Amino acid sequence: MFHKILVANRGEIAVRIIRTCREMGIDTVAVFSTADRDSLHAQFATEAYCIGGPASKDSYLNMQAIMTVALETGCEAIHPGYGMLAENPYFADMVNQVGLKFIGPSGDTIRALGDKSNARLLMSEANVSVPPGSNGVLQDETQALAVAEQIGYPVLLKASAGGGGRGMRLVERSEDMVRLYYEAMLEAETAFGDNSLYIEKLIENPKHIEFQVLVDQAGNAIHLGDRDCSWQRRRQKVIEETPCPILSDEQRKSMGEAAIRAIKAVNYEGAGTVEFVLAEDGNFYFIEINTRIQVEHPITEMVTGIDIVREQIRIAQGGNLLLTQADVKINGHAFECRINAEKPSDNFRASPGVIDDFIMPGGRSVRIDSAIYPGCKISHHYDSMIVKVIVHGNRRSDAIRRMRRSLEETIINGIDTNIGLLYVSLFDQDMIRGSYNTSTLESHMDEILKYEKIFRISENQDFEIITGN
Ligand code: ADP
Ligand code: ADP
Ligand code: MG
């Protein structure tokens, strides 16, 4: 059993992990940057150590500094959260090599899946369908043109090391290929230090549907149902819900089985997410596996009653899964809204600054995962996602109403946020019907921003508007 775990992250996810550790009676060690001296994760942990300057590369990405703290404080394991070092295979290897436990799969598994073009090949071998595309990474723009010609436009150029929606370009015509190829390469090099690209056929207007999986060290694997993460802007998730409102029982069953085939093919351990796109014709295709806890994991916790971080820790300690697939029961419906420090009406400009006021919603079946408080400073050095509002309802319509009233209650002053956009989104026709896809938010954006403005001026309250007519 672990007695002490280092949490190699910050913000809401570090707080989230520390909470479960406390409930399990496990001591925690937080690391923080000079910008995060007063942060909640540093306050909530049993011990906390400053490891460097505000830029992530000087602190939260400084593997040596984190390893030193872990070893000197007598930690037995490191939880990486999401982002930062969570999908860095060198870090996982380094942690395991010094005799600590990296809470997640092995470095080799992270490496194999983090190379997304390689993951495509592994999945094809495991009989999980992938979008038509290149076999492995592209050698040059000539090959990109040849592959696109063969599978047909439109295609997506994707960074093999990609994440967070970056390093991707939509190519609609061969004339644009060479320019976009170099653009994507440059963006991938800057963001990930790796410019390898691959090509996938664009699945038009798909739903993004993913399955939460758990795999123990003995190789037992279950999934905890699906999540619909199709309410996206720039290929980044904004609102997520579970279960997906439009999946048939049959589709859900075959996607769940594919997710298990996928994860069993790669010598997995711990919590992971198998992501698919679901085409309008009902076919679904694997896009990637995220080898970490996911931002939107709380909605799955709401409907299953399972603490996924607790399961991650139990599995890392060598514990077997306590549930079989048949034991997993999905109860009701859950939504998550990601509140970002940004100004939608000004092209979503990031909005760092000091939070003057923060009133968070509460009441029945509402969960807030956040690390902000009145007086805290939102730094431009880190992710703009500052609060997750998660609600549960017996029925989907109850959950939508509960989310609306939760956002009506939420007050964040001092910085700009996307609360208005989230609120208006919950009145969108396609959102209400559940028929939305990954393009819907962007195609309804003008209308949503129009009402978002009214929301800000009138300080909200009860207006029945429907966008997307
Ligand atoms: P999720 O499905 O959990 O939302 P995302 O892909 O949006 O997954 O990533 C979650 C977080 O991790 C975001 O803060 C994102 O910026 C960050 N992230 C994801 N992949 C990478 C990566 N390869 N490098 C750096 N940060 C990443
Ligand atoms: P990331 O690592 O940035 O999360 P993903 O491969 O998961 O990248 O893709 C991010 C988003 O881009 C998906 O949620 C989906 O909206 C869109 N996408 C990715 N691949 C395809 C595809 N082949 N066809 C259509 N949309 C796609
Ligand atoms: Mg993804």
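It should be emphasised that the depicted structure is a prediction, and the values quoted were computed from it without experimental measurement. Every number for a ligand or one of its atoms is a count from 1 in the order of the listing. Residues: numbered from 1 along the sequence shown.
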Would you mind listing which atoms of ligand 2 come within a distance below 4.0 Å of any non-hydrogen atom of Glu275? 7 (O)
What is the distance from atom CD of Gln236 to atom OG1 of Thr438, rounded to the nearest 0.5 Å? 13.5 Å
Hey, does the side chain of Lys201 reach the backbone of Gly152 with a donor-acceptor pair shorter than 3.5 angstrom? yes
Using a 4.0 Å cutoff against the non-hydrogen atoms of Gly162, which atoms of ligand 2 qualify? 2 (O)
Could you work out, for atom 23 (N) of ligand 2, the closest of Arg234, Lys116, His208, Glu200 by heavy-atom distance? Glu200
The option among Asn290, Leu156, Ile289 carrying the non-hydrogen atom nearest to atom 27 (C) of ligand 2 is Leu156
Is the distance between the ring centroids of Tyr451 and Phe427 less than 6.0 Å? no
Among N, O or S atoms, Glu288 approaches the Mg ion (ligand 3) most closely through OE2
Without swapping roles, check the side chain of Lys388 against the backbone of Val295 for a donor-acceptor pair under 3.5 Å. yes
Of Ile203, Ile287, Leu170, Asn437, which has the heavy atom at the shortest distance from atom 24 (N) of ligand 2? Ile203
The single option from Val238, Ile419, Ile368, Ile372 passing side chain to side chain contact (heavy atoms under 4.5 Å, CB included) against Ile339: Ile419
Answer with yes or no whether Lys201 contacts ligand 2, where contact means a heavy atom under 4.0 Å from a ligand atom. yes
N, O or S of Glu275 under 2.8 Å from the Mg ion (ligand 3): yes
Is it true that a side-chain atom of Asn331 and a backbone atom of Thr304 form a donor plus acceptor pair closer than 3.5 Å? no
With Arg169 as the cation and Tyr181 as the aromatic partner, state whether NZ or CZ is under 6.0 Å from the six-membered ring centre and within 45° of the axis. no
Check each heavy atom of Thr438 against ligand 2 and say whether those closer than 4.0 Å belong to the side chain, the backbone, both or neither. side chain
Backbone N/O of Gly53 and side chain of Ser59: donor-acceptor pair under 3.5 Å: yes
On a heavy-atom basis, I'd like to know which of Arg235, Met168, Glu288 is closest to atom 9 (O) of ligand 2. Met168
Decide whether an N or O pair under 3.5 Å exists between Gly164 and ligand 2. yes
Can a non-hydrogen atom of Lys237 be found less than 4.0 Å from any atom of ligand 2? no
